[in-house]
Amino acid sequence: MIPVPGGTFKIGAGDSDGEKRDDEGPQVEIKVSPMWVAKTEVRWAEYKEYMRMYAIFKEFEAAGTRMVTDENKADAITAPTELYDSTFTYEYGDQPDQPAVTMTQYAAQQYSKWLSLLTHKQYRLPTEAEWEYACRAGTDTAYHWGDDADQIDEYAWYFDNAEDGPGLVGTKKPNAFGLHDMHGNVAEWTVNQYSEDGYAWLAKWMKEQGGVDATLAVSWPTESSPCVVRGGSWEMDPEELRSAVRLGSDDELWKEEDPNFPRSPWWFTSDPARGVGFRLFRSYEKLDNETISKFWEASAPNTINEVETRVLNGRGGYGLVDDELPKAIEKANK
């Protein structure tokens, strides 16, 4: 994790940006508190450890041990079900240092909760404002290195130089904060719901409340999609990798080839999902339990219903994450 200082900035694209889109404004000045930001996107080496939890939790369930109850459910997570067909997700590789891809926003949230409960540190997805602040690293240009896309090969994996899929994380130059792959490689999840009117909701909020910190500047999802991913991916052209570009997820399109019903709340099966991953953030000051829980858990009723339906049908499950989990796994493997 890289320490990122706090400050203020204007979220969104300025009028001088010739590529500005309707959903990239209006610009709103917002305060950002100090935070820690992962140097790179989450890699397969890390995400596959979380994926292992599904089979482990099923073993505990079958043995009647470490059962999840109403009393301890706050310390429980779901783990992604095993891939129905791994060829889609892994077609362009699953090397340990490649970014993990095709997970839903909910799966990324649960990963951050899993890691947090294991380490006693509050890892989470960023708000959209936090992500853009981290990407810009003090700049107000189209990219964190400037307005000229001619330098993009030095900083990003994108359509013209990533013929074999996403590159290994951290192999391109970082921004001024020391963060790699903020442009390209994989587009990164935020916790925000996407809206076509950009930051009109935020401008109204700031006017009514007289300011709000970027950590609290969240349009919490009321539907599982569209939600916001940022930074563009290896499948995209330079103008789609700008600091202000917003992409709204699309469950119907991104799960088009999912044969399950209901469709998986953990996995996408169709492009552009092979260009979607995430990066971990962590507030410098610890968040209260109510706030951090919002970052870890689904807020959209349809996502909550999909998860519970899967669990009731035996195609998903909860598992406790506590200090005893590593020992329980070791014991189960003997």
Side-chain angles (χ1 to χ4, degrees), residues 41-62 66 68 73 75-96 98-118 123-125 166 186-189 191 221 224-225 227 229 249 251 254-280 295-300 302-321 325 329 332:
E41 297 145 339
V42 171
R43 309 169 302 153
W44 278 123
E46 297 141 5
Y47 199 73
K48 283 188 175 181
E49 289 300 306
Y50 167 58
M51 291 169 61
R52 290 177 56 227
M53 293 299 104
Y54 176 76
I56 290 168
F57 290 160
K58 282 296 184 181
E59 288 181 17
F60 292 152
E61 182 181 315
R66 295 180 57 81
V68 176
K73 196 172 182 179
D75 293 328
I77 64 159
T78 65
T81 53
E82 294 166 348
L83 288 165
Y84 179 80
D85 181 358
S86 63
T87 56
F88 170 77
T89 294
Y90 297 154
E91 180 177 353
Y92 292 100
D94 60 336
Q95 297 180 56
Q98 279 185 300
V101 295
T102 76
M103 75 292 294
T104 62
Q105 182 194 56
Y106 171 69
Q109 288 176 289
Q110 289 284 278
Y111 173 93
S112 70
K113 181 181 181 182
W114 167 74
L115 188 61
S116 298
L117 294 177
L118 282 176
Y123 298 111
R124 58 179 175 82
L125 295 183
V186 293
E188 301 173 12
W189 279 113
V191 291
S224 59
S225 76
C227 293
V229 287
S249 62
D251 278 2
W254 294 11
K255 297 182 182 182
E256 187 174 20
E257 296 167 82
D258 188 342
N260 299 289
F261 183 82
R263 291 175 173 177
S264 175
W266 298 281
W267 292 109
F268 290 121
T269 61
S270 312
D271 281 325
R274 282 183 292 199
V276 174
F278 67 104
R279 181 185 307 259
L280 293 175
F295 283 93
W296 289 342
E297 307 291 353
S299 60
N302 64 319
T303 300
I304 296 170
N305 181 63
E306 287 171 359
V307 172
E308 294 301 328
T309 300
R310 282 299 193 97
V311 171
L312 288 172
N313 291 339
R315 293 183 293 164
Y318 290 97
L320 286 176
V321 183
L325 178 59
I329 293 173

Under the side chain to side chain contact (heavy atoms under 4.5 Å, CB included) criterion, do Arg66 and Glu61 qualify, and how do the steps go?
CA-CA 7 Å; Arg66 295 180 57 81; Glu61 182 181 315; over 6 Å; no
Determine, step by step, whether Ile77 and Trp296 satisfy the side chain to side chain contact (heavy atoms under 4.5 Å, CB included) criterion, reporting the C-alpha distance in whole Å, the side-chain angles of both residues, the deciding distance to 0.1 Å, and the verdict.
CA-CA 9 Å; Ile77 64 159; Trp296 289 342; over 6 Å; no
So, do Val101 and Tyr92 sit near enough that their side-chain heavy atoms are less than 4.5 Å apart?
no
Any side-chain to backbone donor/acceptor pair from Ser112 onto Gln109? Under 3.5 Å, distance only.
yes
Looking only at the side chains, is there a donor atom on one of Asn302 and Ser224 sitting less than 3.5 Å from an acceptor on the other?
yes
What I'd like to find out is whether the side chain of Arg310 reaches to under 4.5 Å of the side chain of Thr81, using heavy atoms alone.
yes
Could I get the full list of salt bridge (charged side-chain N to carboxylate O under 4.0 Å, His left out) partners for Glu49, not counting sequence neighbours?
Arg52
Side chain of Gln110, backbone of Tyr106: donor and acceptor closer than 3.5 Å?
no
Which pair of heavy atoms, one from Met103 and one from Trp189, lies closest together, and at what distance?
O-NE1, 3.1 Å
Between the CD1 atom in Ile329 and the CZ atom in Phe60, the distance rounded to the nearest 0.5 Å is 5.5 Å
Does Lys48 qualify as a cation-pi partner of Tyr90, given the criterion of NZ or CZ under 6.0 Å from the six-membered ring centre and within 45 degrees of its axis?
yes
Taking the side chain as C-beta and beyond, is there a heavy-atom pair between Trp44 and Thr89 under 4.5 Å?
yes
With side chains defined as the heavy atoms from C-beta onward, is the minimum distance between Asn260 and Arg315 less than 4.5 Å?
yes
Are any side-chain N or O atoms of Arg279 and backbone N or O atoms of Glu188, one a donor and one an acceptor, separated by less than 3.5 Å?
no
What's the separation between atom CZ in Phe268 and atom CZ in Arg263, rounded to the nearest 0.5 Å?
11.0 Å
4.5 Å side-chain heavy-atom contact, Pro166 and Glu41:
no
Apply side chain to side chain contact (heavy atoms under 4.5 Å, CB included) to the pair Thr269 and Glu256, showing each step before the final yes or no.
CA-CA 7 Å; Thr269 61; Glu256 187 174 20; 5.5 Å; no
I need the minimum non-hydrogen distance between Lys58 and Gly314, along with the two atoms involved.
NZ-O, 3.2 Å
Which heavy atom of Gly93 sits nearest a heavy atom of Gln98, and at what distance?
C-OE1, 2.9 Å
How close do Ala298 and Thr303 get, counting heavy atoms only, and between which atoms?
CB-CG2, 3.7 Å
Sub-3.5 Å donor-acceptor pair from the side chain of Trp254 to the main-chain atoms of Thr104, do we have one?
no
Would you say that Phe278 contacts Tyr111 through its side chain, given a criterion of any heavy-atom pair below 4.5 Å between the two side chains?
yes
Main-chain N/O of Ser225 paired to Ser249 side chain as donor or acceptor, under 3.5 Å
no
For residues Asp258 and Ser264, report the shortest heavy-atom separation together with the two atoms involved.
OD2-N, 2.9 Å
Would you say the side-chain atoms of Thr102 pair up with the backbone N or O of Ala273, donor to acceptor, closer than 3.5 Å?
no
Whether Tyr50 and Tyr47 hold their rings parallel, tilted or perpendicular, with breakpoints at 30° and 60°:
perpendicular
List the steps, then state whether salt bridge (charged side-chain N to carboxylate O under 4.0 Å, His left out) holds for Lys73 with Glu297.
CA-CA 12 Å; Lys73 196 172 182 179; Glu297 307 291 353; over 6 Å; no
Heavy-atom pair with the smallest gap, counting every atom of Glu46 and Val42
OE1-CA, 3.5 Å
As an exercise, state the distance from CD of Gln95 to CZ of Arg43, rounded to the nearest 0.5 Å.
12.0 Å
Yes or no on side chain to side chain donor-acceptor pair (under 3.5 Å) for Thr78 and Trp266, after CA distance, side-chain angles and deciding distance?
CA-CA 9 Å; Thr78 65; Trp266 298 281; 3.0 Å; yes
Walk me through it: do Leu117 and Leu325 pass the test side chain to side chain contact (heavy atoms under 4.5 Å, CB included)?
CA-CA 10 Å; Leu117 294 177; Leu325 178 59; over 6 Å; no
